[in-house]
Protein chains: 2
Amino acid sequence: MPRLAPALRRDAIITATVEVMLRKGMAATTVRDVAERMGSSSGLIHHYFASMDDLLAAAFERAAQQDLTGTREALARSAGAVEQLGTFFATYARAEQDWAFQLWLDAWAEAGRRPAVRRTSQRLNVAWQQLLVQIVRCGVREGAMTCGDPEGAAWRILSLLDGLALQTVAHPGTVDRFAVVSWSVALAERELGLQAGTLVR
Amino acid sequence: MPRLAPALRRDAIITATVEVMLRKGMAATTVRDVAERMGSSSGLIHHYFASMDDLLAAAFERAAQQDLTGTREALARSAGAVEQLGTFFATYARAEQDWAFQLWLDAWAEAGRRPAVRRTSQRLNVAWQQLLVQIVRCGVREGAMTCGDPEGAAWRILSLLDGLALQTVAHPGTVDRFAVVSWSVALAERELGLQAGTLVR
DNA sequence: GGCCTTGTTGGACGCATGCGCAATAACCTC
DNA sequence: GAGGTTATTGCGCATGCGTCCAACAAGGCC
């Protein structure tokens with residue numbers, strides 16, 4: 001294994017860990033798996049991460065942040081707050097994002113045993129909520145939405161989407177995903193004083 | 001350890017496993033833990049359960065079924081479909097039921113690695129949905145609710161409640177549970193053509 | 001009371017895990 | 001090119017896991 005600058009190596013380890021995590025799940029990811037994926041020794045990983053907890057947390061952070069910034073960029077390309085909200089829902093509806101749901105599910109379950117993972121997942125969850133709050137606040141300022149409690153509304157909508165994600169991941173095929181998404185969109189429209197059908201393109 | 005009839009011993013093992021599971025989580029539950037809890041040897045457990053997967057599935061089934069029948073009994077004590085639906089939501093709102101949410105979360109996460117647990121959780125999930133379907137069908141027949149798609153409505157409401165459960169378990173303190181419950185109740189009321197406030201006592 | 005079925009024991013086995021550490025080798029500086 | 005810094009190795013250690021099995025003992029049956 002060629003010698004690498006600390007920052008680059010650390011980065012490479014995280015990348016490899018994310019790949020393993022997506023394939024085998026967070027709980028089944030081991031130091032040896034990551035080392036094999038990188039083609040390096042297992043000792044190297046512990047040279048950069050004090051514990052498995054830290055490594056998994058860092059890897060989860062990477063994956064979730066990527067998702068978050070991807071959504072942020074998509075939002076930036078949208079004109080008004082209403083269109084942004086539509087984009088937000090469309091992101092959740094994408095079938096290719098099942099891996100993200102599975103990852104969040106893993107993180108929630110591991111949170112009980114791994115402090116670092118718990119802290120990271122809580123932080124990122126709040127980040128998603130704040131993203132929604134921002135959109136709603138923007139919509140209210142534009143006069144396109146009405147909402148007395150943006151913080152609360154964001155939590156409610158997020159809970160709704162999480163439940164949807166849970167059902168589709170845990171019981172694929174049983175639930176009609178599209179139907180549940182449209183429903184949640186309709187609910188959000190009513191919650192925010194939007195006309196029905198505004199968010200669907 | 002006194003000799004016991006197979007059915008009773010099997011029952012005792014499941015009981016002990018549930019207790020350990022509630023305390024340490026499903027993923028952290030080991031054969032030795034269960035044996036120690038029972039005050040027996042570890043070999044005894046494998047005399048009744050072919051694998052750890054089977055044992056965990058049986059224990060999860062026990063806990064979830066208990067919850068299910070408990071709710072069924074509460075529903076039986078309620079008069080009409082509307083009151084039954086109110087009872088259904090009240091069950092979810094109870095703070096003492098956090099252990100149930102945590103257990104479901106564990107089951108969903110373990111499902112990827114443990115076939116028996118997966119089958120059990122899917123079966124019980126459908127059972128909960130059917131319970132809701134029954135209530136809605138009943139309500140429509142009584143003329144108290146309007147719903148064109150009881151099956152779909154049940155899945156949507158269940159997703160909503162699951163999301164709520166997820167947020168409150170994964171991020172205790174961050175989300176105002178009562179606010180989210182009331183919201184989901186209000187949503188269900190609208191979904192089923194009920195007057196606002198009907199389900200809240 | 002002897003026998004035989006069967007619930008029960010408790011440790012052994014093999015495997016996998018996270019982690020630590022002395023040795024090695026690559027790179028940089030002078 | 002010598003020397004020192006440090007990224008990297010790869011094996012060893014302790015621990016924990018699920019599973020298995022030969023031995024043991026407690027009943028029931030005749």
Legend entry - Nearest-nucleotide pick for B:R3, side chain only, options being D:dA7, C:dG18, D:dA25: D:dA25

Inset, instruction - Verify whether one side chain among B:T15 and B:R62 offers a donor that lies under 3.5 Å from an acceptor in the other. - result: yes

Legend entry - B:V18 and B:F60, any side-chain heavy atoms less than 4.5 Å apart: no

Inset, instruction - State whether a side-chain donor-acceptor pair under 3.5 Å links A:Q134 with A:Q84. - result: no

Inset, instruction - Nearest whole angstrom, please: distance from the P of D:dG10 to the CE of A:M38. - result: 13 Å

Legend entry - B:E36, CD atom: more than 12 neighbouring heavy atoms under 6.0 Å: no

Inset, instruction - Find out whether B:I157 and B:F89 are in side-chain contact, i.e. whether some heavy atom of one side chain is under 4.5 Å from a heavy atom of the other. - result: yes

Legend entry - Under-4.0 Å side-chain N/O to phosphate OP1/OP2 contact, A:R9 with D:dT8: yes

Inset, instruction - Taking B:D54 for its side chain and B:F49 for its backbone only, find out whether a donor-acceptor pair lies under 3.5 Å. - result: no

Inset, instruction - Mind calculating the distance between CD (A:E36) and P (C:dA16) to the nearest angstrom? - result: 12 Å

Legend entry - Gap between atoms CD1 and P, on A:I13 and C:dC19 respectively (whole Å): 14 Å

Legend entry - Positions of residues 41-56 of chain B (non-hydrogen atom under 4.0 Å from DNA chain C), listed by number: B:S41, B:S42, B:G43, B:L44, B:H47, B:Y48

Inset, instruction - Report the distance from atom CE of A:M1 to atom C1' of D:dT6, rounded to the nearest whole Å. - result: 17 Å

Legend entry - Rounded distance in Å - CZ (A:R32) to P (D:dC13): 14 Å

Legend entry - d(CE, A:M26; C1', C:dT17) in whole Å: 18 Å

Legend entry - Integer-rounded Å distance: C:dA25 C1' and A:L4 CG: 15 Å

